[in-house]
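Data block below; observations after.
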Amino acid sequence: MRIPLTSLLAVTASIALASTALAADVTHSFQSVIPVGGVQRVVIDLSTGVFKVRNGAAGQLGIAGIASRDYDGQRERQWAQKVVDDTSVEFEIRGAEAIVRQRFGPNAKSWRARKFTGYDIRLDLPPGIDVKFATAAGEIDMAGSFGDIDIDMRAGEIRLRLPKEQVRELRASCRVGEVKTNLGDEVVTREGIFPGRTEFFNAGGRSRVRAHVTAGEVHVTLTQ
């Protein structure tokens with residue numbers, strides 16, 4: 001019996017995201033807003049997670065999310081709760097970049113605590129800002145007006161919804177999985193092993209967009 005490709009990808013994504021919020025029972029919420037200042041690019045420096053990125057106010061960077069993890073037994077639950085209560089994600093400003101990274105308190109500094117905590121995060125970013133994901137596995141959902149976008153994951157799912165007139169170059173690809181690109185007047189679907197790359201060029205645009213996943217799905221919609 002032939003197993004559908006989508007089922008194989010679902011299994012791959014489930015393994016990669018086993019430590020995220022979907023598998024966790026103890027949680028801790030966090031949020032922060034900071035002035036954008038001279039920041040021109042946001043870098044998400046988290047190895048795994050579920051991310052939703054939208055446009056927010058022009059003068060600020062916003063982040064909100066949940067840290068979570070599973071546990072085994074009531075005794076471990078108390079420890080796990082202390083871990084997530086001492087875990088959050090925040091912006092670290094480095095010149096023209098804002099780095100999205102983890103912050104750990106005293107109860108969350110062990111290797112085990114850091115390794116198996118998952119994140120479900122929403123970012124509200126100013127229109128036109130550049131975005132780069134240094135993420136190995138997860139789910140990324142971006143919709144809005146941004147500058148350059150650079151995503152290169154090992155496993156997971158990428159969904160982008162961007163204004164067509166603002167995109168100058170688009171490269172969407174995967175090694176195993178599916179790449180579906182809606183260009184407005186044409187829908188291009190590539191599926192399988194080494195399905196190839198979909199490219200788009202618009203001389204009047206300004207944003208360069210690269211979306212790649214080694215194993216998974218890439219869905220891009222360019223809106224009119």
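Just so you know, these numbers use all the heavy atoms, side chains as well, and skip hydrogens, waters and symmetry mates.
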Original post:
What are the two closest heavy atoms between Cys174 and Gly216, and how far apart are they?
Top reply: SG-O, 4.4 Å
Original post:
Minimum heavy-atom separation for Gly56 to Pro127, with atom names?
Top reply: O-CD, 3.9 Å
**OP:** Let me see the working for Val209 and Gln166 under side chain to side chain contact (heavy atoms under 4.5 Å, CB included), right down to the final yes or no.
**Re:** CA-CA 10 Å; Val209 179; Gln166 295 181 8; over 6 Å; no
**OP:** For the pair Asp124 (side chain) and Gly62 (backbone), establish whether a donor and an acceptor sit closer than 3.5 Å, ignoring hydrogens and angles.
**Re:** no
Original post:
Near Lys82 NZ, under 6.0 Å, is it more than 12 heavy atoms from other residues, nucleotides or ligands?
Top reply: no
Subject >> Pro126 versus Leu61, closest heavy-atom pair with distance >> reply: CD-CD2, 3.5 Å
Original post:
Between Thr223 (side chain) and Leu162 (backbone), is there a donor-acceptor pair under 3.5 Å?
Top reply: yes
Original post:
More than 12 non-hydrogen atoms from neighbouring residues, nucleotides or ligands closer than 6.0 Å to CD on Glu165, yes or no?
Top reply: no
**OP:** Measure the shortest side-chain to side-chain distance between Glu217 and Val213 over non-hydrogen atoms and say whether it is less than 4.5 angstrom.
**Re:** no
Original post:
If we only count heavy atoms from C-beta on, is the Val218 to Thr198 side-chain gap below 4.5 Å?
Top reply: no
Original post:
Just wondering, are more than 12 heavy atoms of other shown residues or ligands nearer than 6.0 Å to CG in Asp72?
Top reply: no
Original post:
For the atom pair OG1 (Thr87) and CD (Gln102), what is the distance rounded to the nearest 0.5 Å?
Top reply: 7.5 Å
Original post:
According to a 4.5 Å side-chain heavy-atom criterion applied to Ile, Leu, Val, Met, Phe, Trp and Tyr, with indirect links allowed, do Leu183 and Phe146 form part of one hydrophobic cluster?
Top reply: yes
**OP:** Determine whether the side chains of Ser88 and Arg103 contain a donor N or O and an acceptor N or O closer than 3.5 Å.
**Re:** yes
**OP:** Check for a donor-acceptor pair, side chain of Arg175 on one end and backbone N or O of Phe194 on the other, with a separation under 3.5 Å.
**Re:** no
Subject >> Any donor-acceptor N or O pair under 3.5 Å, side chains Thr117, Arg69 >> reply: yes
Original post:
Ignoring hydrogens and geometry, is there a side-chain-to-backbone donor-acceptor pair from Arg54 to Asp141 under 3.5 Å?
Top reply: yes
Original post:
If you measure from the Lys or Arg side-chain nitrogens to the Asp or Glu carboxylate oxygens, is any gap between Asp152 and Arg210 under 4.0 Å?
Top reply: yes
Subject >> Distance (rounded to the nearest 0.5 Å) between Glu97 CD and Arg41 CZ >> reply: 4.0 Å
Original post:
Hey, any chance Ile99 and Leu125 share a hydrophobic cluster, counting ILVMFWY side chains that come within less than 4.5 Å of each other, even indirectly?
Top reply: no
Original post:
Hey, are the side chains of Phe200 and Thr181 touching, using non-hydrogen atoms and a 4.5 Å cut-off?
Top reply: no
Original post:
Is there a path of hydrophobic side-chain contacts, each under 4.5 Å between heavy atoms of I, L, V, M, F, W or Y residues, that connects Ile34 with Val42?
Top reply: yes
Original post:
Is any side-chain heavy atom of Thr189 less than 4.5 Å from a side-chain heavy atom of Glu178?
Top reply: yes
Original post:
Are any of the side-chain heavy atoms of Val100 and Phe133 separated by less than 4.5 Å?
Top reply: no
Subject >> Exceeds 12 heavy-atom contacts within 6.0 angstrom, atom CD of Gln31 >> reply: no
Original post:
Is there a side-chain contact between Arg77 and Val26 (heavy atoms, below 4.5 Å)?
Top reply: yes
Original post:
With a 4.0 Å cut-off, would you call Lys52 and Asp120 a salt bridge?
Top reply: no
Original post:
Hey, is the main chain of Asp148 close enough, under 3.5 Å, to the side chain of Asp130 for a donor-acceptor pair?
Top reply: yes
**OP:** Using the rule that two of Ile, Leu, Val, Met, Phe, Trp, Tyr join whenever any of their side-chain heavy atoms come within less than 4.5 Å, decide whether Ile129 and Leu170 are in one cluster.
**Re:** yes
**OP:** Decide yes or no for Met142 and Ile151: does some side-chain heavy atom of the first lie under 4.5 Å from some side-chain heavy atom of the second?
**Re:** yes
**OP:** Kindly check if the number of other-residue, nucleotide or ligand heavy atoms within 6.0 Å of CZ (Arg206) is above 12?
**Re:** yes
**OP:** For residues Pro163 and Ser145, report the shortest heavy-atom separation together with the two atoms involved.
**Re:** CD-CA, 4.3 Å
**OP:** Please round to the nearest 0.5 Å and tell me the distance separating atom CZ of Arg101 and atom CD of Glu90.
**Re:** 9.5 Å
Subject >> Residue that, paired with Val131, satisfies side-chain contact (heavy atoms from CB on, under 4.5 Å) out of Leu123, Asp150, Ile44 >> reply: Ile44
Original post:
Counting heavy atoms not belonging to Arg154, are there more than 12 under 6.0 Å from its CZ?
Top reply: no
**OP:** Would you give the length of the straight line joining atom CZ of Arg159 to atom CD1 of Ile140, rounded to the nearest 0.5 angstrom?
**Re:** 12.5 Å
Original post:
When rounded to the nearest 0.5 angstrom, what distance separates CZ in Arg112 from CH2 in Trp79?
Top reply: 4.0 Å
Subject >> Side-chain heavy atoms of Ile66 within contact of Tyr119, under 4.5 Å >> reply: no
Subject >> In one Ile/Leu/Val/Met/Phe/Trp/Tyr side-chain cluster, 4.5 Å: Val53, Val43 >> reply: no
Original post:
For the residue pair Thr27 and Ser68, what are the closest heavy atoms and their distance?
Top reply: CG2-CB, 3.7 Å
Original post:
Can you tell me how far CD1 of Ile121 sits from CZ of Phe30, rounded to the nearest 0.5 angstrom?
Top reply: 4.5 Å
**OP:** Could you pull out all residues at least two apart from Lys180 that satisfy salt bridge (Lys or Arg N to Asp or Glu O under 4.0 Å)?
**Re:** none
Original post:
Closest approach of Ala211 and Leu160, non-hydrogen atoms and distance?
Top reply: CB-CD1, 4.0 Å
